[in-house]
There are 2 protein chains.
Amino acid sequence: MSSRSQAIADILTRAIIDHRLVPGCKLGERELAEIFGVSRIVVRQAVIRLADDGLAQIERNRGAFVAKPSMQEAMEIYDALTLVEQGVAAQLSERLGPGGWAELRQHVERQRQAVAAGNDALADVLGQEFHSVFVRLSRNKVMQDIHAQLVRRTTLLRSLITADFDYCNLLDDHSRVIDLLEKGRLKKAMELIDTHHRSVVRGYIMDRAVFPELSPREALAPYLADGAANTEAANDEAGSEHKGAQIYAIPPANLRRNQAGDP
Amino acid sequence: MSSRSQAIADILTRAIIDHRLVPGCKLGERELAEIFGVSRIVVRQAVIRLADDGLAQIERNRGAFVAKPSMQEAMEIYDALTLVEQGVAAQLSERLGPGGWAELRQHVERQRQAVAAGNDALADVLGQEFHSVFVRLSRNKVMQDIHAQLVRRTTLLRSLITADFDYCNLLDDHSRVIDLLEKGRLKKAMELIDTHHRSVVRGYIMDRAVFPELSPREALAPYLADGAANTEAANDEAGSEHKGAQIYAIPPANLRRNQAGDP
DNA sequence: CGATGTGAAATTGGATAGCAATTCCTGTTT
DNA sequence: AAACAGGAATTGCTATCCAATTTCACATCG
């Protein structure tokens with residue numbers, strides 16, 4: 001573990017993208033310090049990291065809050081995400097070998113099975129993960145980091161927003177993008193990526209409470225070492241054969257069908 | 001001012017992109033704390049910000065150092081920068097109005113005059129700034145921040161690297177990109193952006209000491225409030241009519257022709 | 001003479017206590 | 001009901017202290 005503030009920043013990030021800490025929620029230094037059993041300073045450092053990542057807003061002498069992006073900012077984040085994924089698509093269409101396409105197809109297939117099995121939680125995570133796998137194949141760590149940050153911010157947006165779109169369509173989009181790219185039909189693929197993201201944004205309605213507001217103590221309880229028993233129970237519920245296992249450490253607080261996350 | 005740690009992070013960032021703090025330079029907490037007259041904690045918070053920005057590396061129990069990116073990472077940073085600028089180019093080619101094109105042309109013209117006047121320092125800064133103006137016209141703050149971070153990292157790279165390319169060619173590239181985009185020849189423009197960046201990278205030779213290593217105290221002296229007199233003197237030397245004036249507060253420690261910076 | 005072990009010094013990561021400034025909240029007054 | 005005042009709470013920061021780790025000079029040994 002690099003540092004304690006990093007560990008705490010990671011937990012807070014996780015809690016935010018799990019929609020357990022919702023936008024606007026106060027991240028009081030003293031309260032968090034008590035919850036994590038560390039000094040205020042460590043908490044402040046963690047919160048600074050979140051703020052640099054766009055997940056928190058720090059107001060001088062008032063404290064830190066989970067970020068509450070405006071609709072304008074939401075559009076910008078999705079635009080940036082589209083731009084990045086289109087660019088990666090262009091690179092992959094030139095450089096990716098058969099193994100890469102196979103990996104992508106395999107990922108889509110796993111998601112399809114999850115949907116078929118009715119495991120929405122798994123399908124949801126796989127749907128988000130697809131985009132990350134896609135970018136990872138570019139073999140560009142810098143780009144990966146930028147993309148991951150944008151994805152986190154879109155996930156945050158989903159706390160603020162009710163999505164109203166057809167889940168299966170998005171799965172098909174992934175599949176079609178792969179086909180188009182492998183056939184060299186780059187322009188068509190890029191249009192599809194754009195449409196894909198737009199179809200997500202279009203259904204958004206802001207200023208509606210989507211997830212319940214929990215106190216930081218309630219929200220963070222499952223991530224603490226003390227709550228290990230609790231955590232494992234949650235894990236069993238979600239499914240087990242997936243390698244990026246810690247994703248399931250805590251299931252979203254409030255996951256329903258048709259609210260599935262997919263940037 | 002938002003916070004003291006942010007202010008210090010800004011100064012350190014400035015010193016790094018001015019090539020006064022060179023890669024590998026130790027950023028000792030105690031030393032910096034003494035230099036800035038703040039406590040160690042504020043320094044640590046500032047350094048965390050730098051590390052999140054890719055400008056510093058923190059090694060547990062060893063301290064923070066100015067980042068020393070590998071050749072691999074350098075390529076990735078330039079690839080990412082190319083990707084972002086190509087994407088922005090695509091957006092601008094559809095959306096930008098006459099005023100925008102005029103602003104870009106005006107910027108190139110200013111740089112051309114600076115070159116003609118032999119003011120290399122100004123030309124250098126304007127050359128870098130062009131890319132930022134370009135991205136700003138996309139009206140996407142999120143994208144701007146990502147791009148600015150990438151530009152800072154390329155500037156850091158230039159501390160590590162000797163550039164050996166034809167300065168005027170790069171200026172012409174800017175002009176040609178504008179022409180191509182305005183005429184709707186997007187693909188050609190994107191190729192040129194790629195070539196532009198590649199021509200910069202190709203001339204790079206790593207592992208050569210380009211800038212002298214200063215101690216943090218020497219490197220930071222000009223930025224401190226105490227050194228205000230010193231700062232203004234430096235300002236006069238570099239030229240004055242440019243609006244982003246703080247760029248000239250401190251001229252690069254070691255600026256020569258043919259080492260001009262242009263991402 | 002070089003390699004290796006060792007202990008002191010220096011540095012980091014963190015805890016704790018405390019203080020000034022600011023903001024928030026509440027209760028009183030008008 | 002509105003306005004004001006003052007105390008409580010919170011933040012930003014300092015100072016000091018401590019444990020863990022690294023560094024480095026020095027002594028020891030092959």
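Fair warning: this is a prediction, and the values are worked out from it, not measured in the lab. Each chain gets a letter, A, B and so on, in the order its sequence line appears, and its residues count up from 1. Atoms considered below: every heavy atom in the structure, side chains included; atoms not considered: hydrogens, waters and symmetry mates.
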Least distance between heavy atoms, [X] atom then [Y] atom:
X: Ile77(B); Y: Leu150(B); answer: CG2-O, 4.0 Å
X: Gly54(B); Y: Ala67(B); answer: O-CB, 3.6 Å
X: Met143(B); Y: Val88(B); answer: CG-CG2, 4.3 Å
X: Ala9(A); Y: Leu50(A); answer: O-CD2, 3.6 Å

Legend entry - Salt bridge flag under 4.0 Å for residues Glu76(A) and Lys141(B):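 Looking at Lys141(B) together with Glu76(A), the answer is no, because their closest N to O distance does not fall below 4.0 Å.
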
Inset, instruction - Run the salt-bridge test on Glu31(A) and Lys26(A) with the 4.0 Å N-O cut-off and return the result as yes or no. - result: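 Result for this pair is no, no salt bridge flagged.
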
Inter-residue atom distance [X].[atom1] - [Y].[atom2], 0.5 Å rounding:
X: Gln45(A); Y: Arg4(A); atom1: CD; atom2: CZ; value: 11.5 Å
X: Gln57(A); Y: Glu59(A); atom1: CD; atom2: CD; value: 7.0 Å
X: Arg153(B); Y: Ile16(B); atom1: CZ; atom2: CD1; value: 12.0 Å

Legend entry - Residues within residues 38-47 of chain B bordering DNA chain D, heavy-atom distance below 4.0 Å: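 By residue number: Val38(B), Ser39(B), Arg40(B), Ile41(B), Val42(B).
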
Inset, instruction - Decide side-chain contact (heavy atoms from CB on, under 4.5 Å) for Phe65(A) and Leu27(A); before the verdict, give the C-alpha distance in whole Å, the side-chain angles of both, and the deciding distance to 0.1 Å. - result: CA-CA 5 Å; Phe65(A) 305 82; Leu27(A) 301 172; 5.9 Å; no

Legend entry - 5' precedence on DNA chain C between Gly37(A) and Asn61(A) (nearest-nucleotide basis):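 Its nearest nucleotide lies further toward 5', so the answer is Gly37(A).
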
Inset, instruction - Would you tell me whether Asp10(A) and Gln6(A) have side-chain atoms, one donor and one acceptor, within less than 3.5 Å of each other? - result: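 Checked: Asp10(A)/Gln6(A) side chains pair up, N/O donor to acceptor below 3.5 Å.
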
Inset, instruction - Report the residue (Glu29(A) or Arg62(B)) whose heavy-atom-nearest nucleotide on DNA chain D is the more 5′ of the two. - result: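 First, find each residue's nearest nucleotide; the 5'-ward one identifies Glu29(A).
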
Inset, instruction - Check DNA chain C against residues 50-58 of chain B and give the residues with a non-hydrogen atom under 4.0 Å, in numerical order. - result: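 Per residue number, the list reads Ile58(B).
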
Inset, instruction - Quick one: do His107(B) and His131(B) satisfy ring pair (Phe, Tyr, Trp, His ring centres under 6.0 Å)? Show the steps, please. - result: CA-CA 10 Å; His107(B) 196 281; His131(B) 296 251; 9.7 Å; no

Inset, instruction - Just do the side-chain contact (heavy atoms from CB on, under 4.5 Å) check on Glu103(B) and Leu137(B) with the steps written out, would you? - result: CA-CA 9 Å; Glu103(B) 184 175 346; Leu137(B) 289 171; 3.7 Å; yes

Inset, instruction - Go through DNA chain C in 5' to 3' direction and return only the first and the last nucleotide with some atom under 4.0 Å of chain A's heavy atoms. - result: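 Span of nucleotides near chain A: dG14(C) to dC24(C).
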
Legend entry - Terminal axis angle for the helix from dC1(C)-dG30(D) to dT30(C)-dA1(D), five pairs an end, nearest 10 degrees: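 Overall, the helix from dC1(C)-dG30(D) to dT30(C)-dA1(D) bends by 10° from one end axis to the other.
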
Legend entry - Nucleotides bounding contact with chain B, strand DNA chain D, heavy-atom threshold 4.0 Å: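 Result: dC13(D) to dT23(D).
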
Legend entry - Flag, side chain of Asn140(B) to backbone of Val142(B), donor-acceptor distance under 3.5 Å: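 Here the side-chain-to-backbone pair exists.
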
Inset, instruction - Kindly write out the residues that satisfy side-chain hydrogen bond (donor to acceptor under 3.5 Å, both in side chains) with Ser5(A), not counting sequence neighbours, or none if the list is empty. - result: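 Only Ser3(A), Arg49(A) meet the side-chain hydrogen bond (donor to acceptor under 3.5 Å, both in side chains) criterion with Ser5(A).
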
